[in-house]
Number of protein chains: 2
Amino acid sequence: MNSKTVPNTATGQKASSAHRSYEEELREAGIRITKPRKVILKILTQASDHPDAMEIFRRAVKVDASIALATVYRTMKMLEDLGAVHRHSFEGGPARFENADAEHHDHLIDLDTGDVIEFHSERIEQLQQQIADELGYDIEHHRLELYGRKRKK
Amino acid sequence: MNSKTVPNTATGQKASSAHRSYEEELREAGIRITKPRKVILKILTQASDHPDAMEIFRRAVKVDASIALATVYRTMKMLEDLGAVHRHSFEGGPARFENADAEHHDHLIDLDTGDVIEFHSERIEQLQQQIADELGYDIEHHRLELYGRKRKK
DNA sequence: CTTCCAGTTGCAAACGATTTGCATTTGCAT
DNA sequence: ATGCAAATGCAAATCGTTTGCAACTGGAAG
Ligand SMILES: [Mn+2]
Ligand SMILES: [Mn+2]
Ligand SMILES: [Zn+2]
Ligand SMILES: [Zn+2]
């Protein structure tokens, strides 16, 4: 009763607008808006999944063949430091990213397909908080991942 | 001078696990008990922390300088496949291991010291189960990690 | 107690993901 | 338009981990 999938952002090619755009954030932070960054930011804005660096690179190369993988890594690091994206390290694999302005949520990873399903449980969040309190800790962040497969029948 | 199977009663050491020993498990699985494995297994049996491969290697080399890091990795993989140890990948860092026969628990990682504190919440476990149910999934395993620092105050 | 060989080892080279050094561009403030 | 720090592409380097291979056992059979 208290879990729900979080609807994802825009589908289609809704370039900018919506919430505060990445470019706006960079500008505010005094970071240059370069051509490769524009391409990457657009890809991230349009992404409805949780792509890894290589996947972002593949999509970027289709738009501008001269973009380097290193630039994707550098840009993702920069966005993470800015707090504009979140980095997830699911089960050993490469880091995957997602826009940071969605509401907090946790993930269920489909072991067969690799699909990532988002969910949120306020009750779990509270319990985590309570546990940290009891242990005398302030939680900075946490990670809750469920790994499973579609229920057979 | 070798009688059949001398019962391996505790050698006066603190045998922290009151469960089936690693060597017993290997034997049952038909896996050879070699000199380097004995060293590693003893280290794991005595460990009360969550050491990574390099740390296990360091401890092993003190006992037998000829042990190779590759052997540590191979042995840990084998133990994981056997289900004798659990592998954790906390926040980007190298994989850390722990004996698998402790009760299930989750971890709080101290961001300042790297210390790992164990905790368990049956209520959270239930909620996870409930969420997976609602999403139509069977959970194979999960991962709940809290990252924080000792409460200043 | 020997023999025997598949399992195991040490070593180095290979790996995949990510980072970094550096010479060359480029954004953008002046 | 100009100047220069910031950013880029490329290659080489790092890090944790895995793997190929020849040499070396564990332990079952004799
Ligand atoms: Mn997500
Ligand atoms: Mn533990
Ligand atoms: Zn959460
Ligand atoms: Zn748990």
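Quick note on labels: first sequence line is chain A, next is B, and so on, each numbered from 1.
Going from atom CE of B:Met78 over to atom P of D:dT17 covers 17 Å, rounded to whole Å. When the P atom of D:dC15 is taken as reference, atom CG of B:Asp52 falls 14 Å away, rounded to whole Å. Put simply, CG on B:Asp64 is 17 Å from P on C:dT8, counting in whole angstrom units. Whole-Å rounding puts the A:Glu55 CD to C:dT18 P distance at 13 Å. Regarding A:Arg27, its CZ atom lies at a distance of 12 Å from the C1' atom of C:dG27, rounded to whole Å. Protein atom CZ of A:Phe57 is 14 Å distant from nucleotide atom C1' of C:dT18, rounded to whole Å. Between the CE atom of B:Met54 and the P atom of D:dT18 there is a distance of 13 Å, given to the nearest Å. Rounded to an integer number of Å, the gap from CZ of B:Phe97 to P of D:dG16 is 13 Å.
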TODO: Run the numbers on B:Arg27 and B:Glu24 for salt bridge (charged side-chain N to carboxylate O under 4.0 Å, His left out), then give the verdict.
DONE: CA-CA 5 Å; B:Arg27 209 165 271 118; B:Glu24 216 171 309; over 6 Å; no

Open item on the list: Let's go through B:His141 and B:His104 carefully: what are the C-alpha distance in whole Å and the side-chain angles of both, what is the deciding distance for ring pair (Phe, Tyr, Trp, His ring centres under 6.0 Å) to 0.1 Å, and is it a yes or a no?
Closed with: CA-CA 11 Å; B:His141 61 282; B:His104 168 74; over 10 Å; no

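Along DNA chain C, the nucleotide nearest to B:Ile67 and the one nearest to A:Ile31 differ in position, and the one closer to the 5' end is contacted by B:Ile67. Between A:Gly30 and B:Pro94, the residue anchored nearer the 5' end of DNA chain D, judged by the nucleotide with its closest heavy atom, is A:Gly30. Along DNA chain D, the nucleotide closest to B:Lys38 and the one closest to B:Arg96 are compared, and the more 5′ of them pairs with B:Arg96.
Neither OP1 nor OP2 of C:dT19 sits under 4.0 Å from any side-chain N or O of A:Tyr73.
In this structure, B:Thr71 contributes its side chain and B:Ile67 its backbone to no donor-acceptor pair below 3.5 Å.
Across the strands present, C:dA29 finds its partner in D:dT2; the criterion is a Watson-Crick or G-U wobble pair with both atom distances under 3.5 angstrom.
Here the side chain of A:Thr34 is nearest to one of D:dG27, D:dA7, C:dT9, namely D:dA7. Nearest to the side-chain atoms of B:Lys77 among the listed nucleotides C:dT26, D:dT19, C:dA6 stands D:dT19. With C:dT20, D:dT17, C:dT18 as the choices, the nucleotide that has an atom nearest any side-chain atom of B:Ala95 turns out to be D:dT17. For A:Arg32, whose side chain is taken as the heavy atoms from C-beta onward, the closest listed nucleotide among C:dC28, D:dG27, D:dT8 is C:dC28.
At a cut-off of 3.5 angstrom, counting only N and O atoms as typed in the model, there is a donor on one side and an acceptor on the other between the side-chain of A:Arg74 and the base of C:dG21. The base of C:dG7 has none of its N or O atoms less than 3.5 Å from a complementary donor or acceptor on the side chain of B:Arg37.
Contact check on B:Lys38 versus B:Glu23 returns no salt bridge, with no Lys/Arg side-chain nitrogen under 4.0 Å from an Asp/Glu carboxylate oxygen. One finds no salt bridge joining B:Asp106 and B:Arg143 here, because no Lys/Arg side-chain nitrogen approaches an Asp/Glu carboxylate oxygen to under 4.0 Å.
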